[in-house]
A.B. asks: 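Here's a structure for you.
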Amino acid sequence: QVQLVESGGGLVQTGGSLTLSCAASGRTPSSYAMGWFRQAPGKERQFVATISYNIKNTYYADWVKGRFTISRDNAKNTVTLQLNSLRPDDTAVYYCAAGRPGPRVVLITAYDYWGRGTQVTVSS
């Protein structure tokens with residue numbers, strides 16, 4: 001079993017930045033990819049970014065447009081999402097996920113483990 005715990009959320013103004021962290025415990029296979037999703041109230045959970053284990057290939061949702069950066073430190077069992085140039089429509093609960101999604105990296109059903117999320121609120 002793998003446990004994921006997100007942290008780093010908070011309240012920021014438009015244009016500000018936050019660094020979200022996901023700490024993994026338990027057994028995380030080397031083949032596991034890590035991803036970030038977000039969900040605003042009343043909306044569907046949407047894909048943000050994913051990163052592979054060894055070569056650390058990254059893939060982002062088109063709407064990110066260079067504002068976010070995903071990274072991982074396998075020695076520390078952590079994954080980070082750097083949020084820059086934040087806007088009010090970035091307000092959501094951000095979730096960390098782990099699994100072996102293969103080519104289905106944008107689908108929530110392709111991941112096996114999820115954290116409880118961390119709230120990001122961006123004021124105008």
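When reading the values below, keep in mind they use all heavy atoms of this one structure, side chains included, and skip hydrogens, waters and symmetry mates. Numbers here are sequence positions counted from 1.
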A.B. asks: Where is the tightest heavy-atom contact between S85 and R67, given as atom of each residue plus distance?
C.D. replies: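 Result for this residue pair: O-NH1, 3.1 Å.
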A.B. asks: Report, as yes or no, whether the 6.0 Å neighbourhood of atom CD on Q39 holds more than 12 heavy atoms from other residues, nucleotides or ligands.
C.D. replies: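 Yes, the 6.0 Å shell around CD holds more than 12 heavy atoms from other groups.
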A.B. asks: For residues 102-114, please give each side-chain donor-acceptor pair under 3.5 Å, one per line with the distance, not counting sequence neighbours.
C.D. replies:
residue : atom : partner : partner atom : Å
Y111    : OH   : T50     : OG1          : 3.3
Y111    : OH   : V105    : O            : 2.8

A.B. asks: If you look at every heavy atom in A98 and L4, which pair is closest and at what distance?
C.D. replies: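 Result for this residue pair: N-CD1, 3.8 Å.
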A.B. asks: Supply the atom-to-atom distance L86 CG to F68 CZ, rounded to the nearest 0.5 angstrom.
C.D. replies: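 Separation between the atoms: 5.5 Å.
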A.B. asks: Measuring from atom CG of L20 to atom OG1 of T80, what distance do you get when rounded to the nearest 0.5 angstrom?
C.D. replies: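 So the gap between those two atoms works out to 8.5 Å.
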A.B. asks: Could you measure the distance from the OH atom of Y94 to the OG atom of S7? Nearest 0.5 Å is fine.
C.D. replies: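 It comes to 15.0 Å.
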A.B. asks: Would you mind listing every salt bridge (Lys or Arg N to Asp or Glu O under 4.0 Å) that reaches into residues 36-60, with sequence neighbours excluded?
C.D. replies: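 Qualifying pairs, neighbours excluded: R38-D90.
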A.B. asks: Should Y32 and Y95 be counted in the same cluster of Ile, Leu, Val, Met, Phe, Trp and Tyr side chains packed under 4.5 Å apart?
C.D. replies: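 No: no chain of side-chain contacts under 4.5 Å links Y32 to Y95.
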A.B. asks: Could you pull out all residues at least two apart from N57 that satisfy side-chain contact (heavy atoms from CB on, under 4.5 Å)?
C.D. replies: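 If we apply the side-chain contact (heavy atoms from CB on, under 4.5 Å) test to N57, skipping adjacent residues, the hits are S52, I55.
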A.B. asks: Please say yes or no: joined through hydrophobic side-chain contacts below 4.5 Å, possibly via intermediate residues, are L83 and V79 part of one cluster?
C.D. replies: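 Same cluster: L83 reaches V79 through Ile, Leu, Val, Met, Phe, Trp or Tyr contacts under 4.5 Å.
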A.B. asks: Taking all non-hydrogen atoms of both residues, which atom of M34 and which atom of C96 are closest, and how far apart?
C.D. replies: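 Shortest heavy-atom contact: CE-SG, 3.6 Å.
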A.B. asks: Under the rule for salt bridge (Lys or Arg N to Asp or Glu O under 4.0 Å), what residues qualify as partners of D73, not counting sequence neighbours?
C.D. replies: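 Result, salt bridge (Lys or Arg N to Asp or Glu O under 4.0 Å) vs D73: none returned.
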A.B. asks: Using the side-chain contact (heavy atoms from CB on, under 4.5 Å) criterion, which residues pair with T58? Sequence neighbours excluded.
C.D. replies: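 Applying side-chain contact (heavy atoms from CB on, under 4.5 Å) to T58 gives I51, Y60, I70.
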A.B. asks: Give the table of side-chain donor-acceptor pairs shorter than 3.5 Å for residues 117-124, with sequence neighbours excluded, one pair per line with atom names and distance.
C.D. replies:
residue : atom : partner : partner atom : Å
T118    : OG1  : G9      : N            : 3.1
Q119    : NE2  : A92     : O            : 3.4
Q119    : NE2  : T121    : OG1          : 3.4
S123    : OG   : V12     : O            : 3.4

A.B. asks: What heavy-atom pair brings Q46 and W63 nearest, and what distance separates the two atoms?
C.D. replies: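 Closest approach of Q46 to W63: NE2-NE1, 3.7 Å.
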A.B. asks: Which heavy-atom pair separates C22 from W36 by the least distance, and what is that distance?
C.D. replies: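 Closest approach of C22 to W36, heavy atoms only: CB-CZ2, 3.7 Å.
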